[in-house]
Amino acid sequence: MKRLSSERTKLLFEKLSKYIGANVKLLIDRPDGTYCFRETKNRVYYVSEKILLLSTSVPPENLVSVGTCFGKFTKTGKFKLHITALTFLAPYAQYKIWLKPSAEQQFLYGHHVLKSGLGRITENTQKYQGVVVLSMNDLPLGFGVAAKTAAECKHTDPMSVVCFHQADIGEYIRSEDALI
Amino acid sequence: MGRKAKFSLDTKVKKGPGRKAKKQGEPEIPNHLTDGGKIEKPLSRRQKQRALKRAKKHADLAEKRKLARKSVKQQSIIKEPEVSCDSNVDSEEEFDHESTGFTDGNQSWLKPVTRKKGKQLLESDGEENHSHSEASVEGEGDQSDQEQMTLDEDEDYKVETLDDLNQNDDVESGEESNNNDECDAADSDDEVSDQQESDNNNSSNESGGIDNDDDLLPVERAAKKLRIKQKQDEKFAEEELKMNVADKDVFTFPSESEPEEPVGLQEVQRRIRDVVAVLSDFKKLRAEDRSRSEYIELLQKDLCTYYSYNRFLMERLMQLFPLSELLEFLEASEVQRPLTIRANSLKTRRRDLAQALINRGVNLDPVGKWTKVGLVIYSSAVPIGATPEYLAGHYIIQGAASLLPVMALAPQENERILDVCAAPGGKSSHIAAVMKNTGVLFANDVNEDRIKAVVGNFHRLGIVNSVISSYDGRKFSTVMKGFDRVLLDAPCSGTGVVAKDPSVKTSKDETDVTRCFTLQRQLLLEAIDCLKANSSTGGYLVYSTCSVLPEENEWVIDYALKKRDVKLVPTGLDFGTEGFTNYRHHRFHPTMKLTRRFYPHTHNMDGFFVAKLKKFSNNIREANVEKVETSDT
């Protein structure tokens, strides 16, 4: 467990702000104690400092996970968000896409969202804006990137992609071993 | 669409012989072939004369005997016609002897003397059975006298006493039937024509009895027949009754050679039932020469066969349960427990979850009044482990029994809690949910592969206060001590969850159980060491297993009570059976009553054991316990 280097911190926050914007600072300044990001084996964990302190007594080779895993730094030096981060992304998300019930299953199997499956979209969503995907009854299903602006979505062909898939909760079953 | 293949009805049963299949009759074997290669030759005149003489001699002999008997019985009613008939029969007999060598049919008919005897007796007192036995004896006597009679004939005699006689009578040559008729005529009875017919129709055994009806009225004969029939019916009924009674009540112990034979499951099941019945009222129903242990042995063997357990495990279970309960337990262990889920109170409420699932076509109900988070699934239109609600972490699939240890542990907010054997994270996540994501939860499991399931479940269920580690639970105190509460859901033989994993039935033996409880003892002591004795809120440890064997439960707790300064406290579960204080030769601590056992047959959940301990100090009682331990094991 080590602190993130400054450039890695920058990478991480850039990534997070794509989805939750200015709410990033809510993750840091919390009323219930100080939370911090820590890195081990290229994985980034978000955890209360109190818990972090206690976890230091566990030998690193035996420590599997602390708090919540947000994602990992890839070998090319980029930061990749994991679906496990959804617990914190969904409540703070600024741009959202709601799926029709018929399209839920498709998305949970790892497919992009088509116009035909689009139930609702946040106004003034920009192109390539990070969005959280929800079902019509506000169940967070995953996150992705808007392929079109909200305005474009209204007039586009039903079979065209409106949101690129990045992560979905189906991964909890599909790839439990490679979750973190 | 096409025609539906009826795979279930793979063999089509023919209804009849078929249109074109012409039925071939029984093969007819010529008489000279069936006679065993005996060359038929008409008797010479001398031979005939000799036979005649012989027959006469027999008849005289028979007459003498008869007279002797009659004088004893003082009978003289229908003597006259009888004698006349006798003379007739004598001639008839002569003829019979002459025709001995011809056919089987004739041979079988060769019983005039026998008939006479039978008739006389019948006339005298109407004891059919008696006369019958008499007749057969007489017949044998005759037979021994006749030197040319072969073994075949002997057989015929025996057959003759049965119904077959009538058939044989049918095959008689015309001459003989004539002869018979003559006899009838002499008797001056008017049923000459239907003599043979009546013989045929008669279903009674007694040839003698029927034939000597000659001199009775037809009504009388009919009455006699009826009486015979009635008697037979009664006899059969009685036999049947006896057989049924034997089936029901009296269980005969199989002989030593018998159990070697493979018997059907039905047979085994019936025997199990019988033996249990015998054992339930042993004094009355036992076989005199069999001891209880023999019965128990047989029962054990049968139960092993029927439920496919190995001997070791069945023996343990038989020691554990009374017989009636044992059967219930075994039966319940065959059936899967209902699928239950736990609503994740961190993300949803049970009511909302139930509504969402009902909308997906799931048929569910609350588990019971004792829990606020359990739901039992009766049927589901969708896979319950892959609904969006499941993936979003609104619930986890978890047996009803595994809610109990956490309820017993009763975690409080802001505590530091350890789950020593956490995988796959059902109970741990329940703890975190009860703590409402406050405090710290250490979830540990030694198995690195299984710990992945814990990671997945924790993230899915939104648990953020956890530290997941993969460490040997027997050394966890080197990592950290001072927990407020510890849950030890120890690895066990799994005898309570046979329905889930039937391989337990055959794979566990003595050494496995020994290994299990050794490990459990080590884990328990270590878990107690991790506990903070003077914790303001806690200092509690919950020990649970999914085994029903006392070796892995009470005995382990008893060991810990001796080794550490801990005491049993009530688990807070208001149902479940009390733990054992006495088991075989073991005498456990009297407070063992505070532990709880759960059985598949009584509580409809997996077999489970829950004990709650409170730690009072960090003292380690080594010296004085050492001796007790050696004597114990």
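Order of the sequence lines sets the chain letters (A, B, ...), proteins ahead of strands, with each chain counted from 1. As the structure is a prediction and not an experimental result, all values here were calculated from the model. The analysis underlying the following values was restricted to heavy atoms, covering all of them including side chains, and did not include hydrogens, waters or symmetry mates.
Neither the backbone nor the side chain of L441(B) comes within contact range of chain A, judged by heavy atoms closer than 4.5 Å. Neither the backbone nor the side chain of A443(B) comes within less than 4.5 Å of any heavy atom in chain A. Both the backbone and the side chain of L63(A) come within less than 4.5 Å of a heavy atom of chain B. Heavy atoms of A356(B) lying under 4.5 Å from chain A are absent altogether. For L54(A), the parts lying under 4.5 angstrom from a heavy atom of chain B are both the backbone and the side chain. Residue contact with chain B, scored on non-hydrogen atoms closer than 4.5 Å, is absent for Y45(A). Using a 4.5 Å cut-off between heavy atoms, S57(A) contacts chain B through both its backbone and its side chain. For Y390(B), the part sitting under 4.5 Å from any heavy atom of chain A is the side chain, from C-beta outward, and nothing else.
When each of T87(A), I51(A), L179(A) is checked for heavy-atom pairs under 4.5 Å with chain B, I51(A) comes out on top. With chain B as the partner, the residue from N137(A), V47(A), V64(A) showing the most heavy-atom pairs under 4.5 Å is V64(A). The residue among P140(A), A90(A), S135(A), P59(A) with the most heavy atom pairs within less than 4.5 Å of chain B is P59(A). Heavy-atom pairs under 4.5 Å with chain B were tallied for Q105(A), E176(A), E104(A); the largest tally goes to E176(A).
With R3(A) contributing its side chain and R38(A) its backbone, the two residues share no donor-acceptor pair below 3.5 Å. Counting only distance, with no hydrogens or angles, the side chain of Q398(B) and the backbone of R342(B) share no donor-acceptor pair below 3.5 Å.
Ring orientation note: the planes of F483(B) and F442(B) are nearly perpendicular, at an angle over 60° on the 30°/60° scale. Between F37(A) and Y46(A), the ring planes lie tilted relative to each other; the angle falls in the 30° to 60° range.
A pairwise comparison of heavy atoms in P411(B) and I431(B) identifies CG-CG2, 3.9 Å as the closest pair. The two residues E526(B) and F476(B) make their nearest non-hydrogen contact at OE2-N, 3.5 Å. The heavy-atom pair separating D484(B) from L531(B) by the smallest distance is O-CD1, 3.9 Å.
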Quiz prompt | Intermediate values then yes/no, side-chain hydrogen bond (donor to acceptor under 3.5 Å, both in side chains), T34(A) and E49(A) | solution = CA-CA 6 Å; T34(A) 47; E49(A) 245 172 15; 2.7 Å; yes
